[in-house]
Amino acid sequence: MVITAKQEALVVSSWNEMKDDAPAFALKFFLRLFEIIPSAAKRFSFLRDSTLPLEKNPKLKAHAMSVFVMTCEAATQLRKTGRVNLGANTSVPHLASVHFKAGVADVHFEVLKFALLETIKEAVPYMWSEELKEAWSESYDHLVAAIKSEM
Ligand code: HEM
């Protein structure tokens, strides 16, 4: 198994703590990505074409939530089947193609991971530990590796 039962439990229990405010947390880690790499925002068609402030853009919030939820779900899938399964509404090749066409690069995935972990640390400081960080990292790394392998 690529993820242990304890790691899955850590991801799921911390997600349960954060889920009521998950859209706000998800938006926060995307805004952090844009602070570190401002040009990353230009990858999104709906940000290029919009006059709304970033934090008010519903499509950005939706994308941020996808990343958060899919990373969490990846922990359970990895535990159950040893691989990432994106469910009925999308697929790894589709996501790989969308990200490839949009010019998303390794550095974007790397910085997003850093921002995700930083946000989780701030969201659940009382649960934060090296193990919790590792558990979310493993889950994110496998999800991204699956997408990148098809890009
Ligand atoms: C689109 C998930 C990371 C940029 C999407 C979509 C999903 C998704 C579900 C919608 C696909 C569709 O249109 O059917 C994820 C996941 C990620 C991730 C799970 C990491 C685990 C990133 C990163 C960037 C990024 C790091 C960097 C900037 C984009 C862009 C689009 C997109 C530009 C197309 C949006 C548009 O213009 O319509 N992503 N994403 N994604 N993602 Fe990501």
Side-chain angles (χ1 to χ4, degrees), residues 1-4 7-8 10-19 21-124 132-151:
M1 262 323 142
V2 290
I3 203 162
T4 65
Q7 285 178 314
E8 182 199 4
L10 284 170
V11 170
V12 172
S13 61
S14 53
W15 168 256
N16 284 335
E17 288 288 304
M18 293 183 282
K19 70 177 176 208
D21 293 319
F25 290 133
L27 189 59
K28 196 167 168 188
F29 63 73
F30 258 91
L31 295 178
R32 188 81 177 101
L33 165 68
F34 299 152
E35 242 172 65
I36 301 170
I37 315 182
S39 62
K42 297 202 185 76
R43 305 283 125 226
F44 292 89
S45 56
F46 51 78
L47 295 183
R48 285 194 300 271
D49 306 340
S50 169
T51 50
L52 279 178
L54 286 180
E55 66 282 6
K56 298 247 155 63
N57 194 302
K59 290 188 176 170
L60 179 61
K61 207 177 251 187
H63 179 269
M65 268 303 278
S66 296
V67 173
F68 211 3
V69 171
M70 284 179 177
T71 306
C72 179
E73 285 173 351
T76 302
Q77 292 153 10
L78 286 161
R79 181 74 202 139
K80 248 193 223 144
T81 66
R83 51 197 297 272
V84 173
N85 169 359
L86 299 181
N89 296 326
T90 191
S91 69
V92 168
H94 172 71
L95 281 197
S97 157
V98 168
H99 290 89
F100 179 75
K101 283 187 196 139
V104 179
D106 285 1
V107 66
H108 297 125
F109 287 110
E110 274 304 307
V111 172
L112 188 62
K113 176 181 170 183
F114 162 81
L116 167 74
L117 295 173
E118 191 180 72
T119 303
I120 295 171
K121 184 178 180 179
E122 284 169 18
V124 285
L132 184 69
K133 179 180 172 186
E134 274 305 306
W136 276 94
S137 288
E138 282 285 323
S139 190
Y140 180 88
D141 285 347
H142 280 94
L143 172 59
V144 169
I147 297 172
K148 286 209 303 200
S149 70
E150 303 269 342
M151 270 172 85

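In listed order, ligands and their atoms are each counted from 1. Owing to the predicted nature of the structure, the values given are computational and were not obtained by experimental measurement.
Annotation: the span from Ile147 atom CD1 to His99 atom NE2 amounts to 5.5 Å, rounded to 0.5 Å. Here the OH-CG distance, from Tyr140 to Leu116, works out to 7.0 Å after rounding to the nearest 0.5 Å. Here the CD-CG distance, from Glu110 to Asp141, works out to 7.5 Å after rounding to the nearest 0.5 Å. Note that CG of Leu78 is 11.0 Å distant from OG1 of Thr4, once rounded to the nearest 0.5 Å. For the atom pair NZ of Lys113 and CG of Leu143, the computed distance is 12.0 Å after rounding to the nearest 0.5 Å.
With ligand atoms numbered from 1 in the order given, ligand 1 contributes 21 (C) to contacts under 4.0 Å with heavy atoms of Val144. Heavy-atom proximity to Tyr140, at under 4.0 Å, picks out these atoms of ligand 1: 21 (C). Taking every non-hydrogen atom of His108 and a distance limit under 4.0 Å, the qualifying atoms of ligand 1 come out as 26 (C), 27 (C). Of all atoms in ligand 1, numbered sequentially from 1 with element shown, those under 4.0 Å from a heavy atom of Phe46 are 35 (C), 36 (C), 38 (O).
Protein heavy atom nearest atom 4 (C) of ligand 1, with residue, atom name and distance: Phe44 CZ, 3.2 Å. Nearest protein neighbour of atom 33 (C) of ligand 1, counting heavy atoms only, is Arg43 O, 3.1 Å. When hydrogens are left out, the protein atom nearest atom 14 (O) of ligand 1 is His94 NE2, 2.7 Å; that is the closest non-hydrogen contact. For atom 3 (C) of ligand 1, the nearest non-hydrogen atom of the protein is Phe109 CE2, 3.6 Å. Closest to atom 19 (C) of ligand 1, if we only count protein heavy atoms, is Met70 SD, 3.5 Å.
Counted within 6.0 Å of CZ on Phe46, heavy atoms from surrounding residues, nucleotides or ligands total more than 12; the atom is thus considered enclosed.
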- Item | Trace of the side-chain contact (heavy atoms from CB on, under 4.5 Å) decision for Asn85 with Lys80 | CA-CA 10 Å; Asn85 169 359; Lys80 248 193 223 144; over 6 Å; no
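Considering backbone and side-chain N/O atoms, Ser45 comes within less than 3.5 Å of an N/O atom of ligand 1.
Tally of protein N, O or S atoms closer to atom 43 (Fe) of ligand 1 than 2.8 Å: 2.
Inter-residue side-chain proximity for Met18 and Phe68 is flagged as met; some heavy-atom pair is nearer than 4.5 Å. Between Arg32 and Thr119 the shortest side-chain heavy-atom distance does not fall below 4.5 Å.
Between Glu118 and Lys121, no side-chain nitrogen of the basic residue sits less than 4.0 Å from a carboxylate oxygen of the acidic one, so the salt-bridge criterion is not met.
Not a single heavy atom of Thr90 lies less than 4.0 angstrom from ligand 1.
The distance between the ring centers of Trp15 and Phe25 does not fall below 6.0 angstrom.
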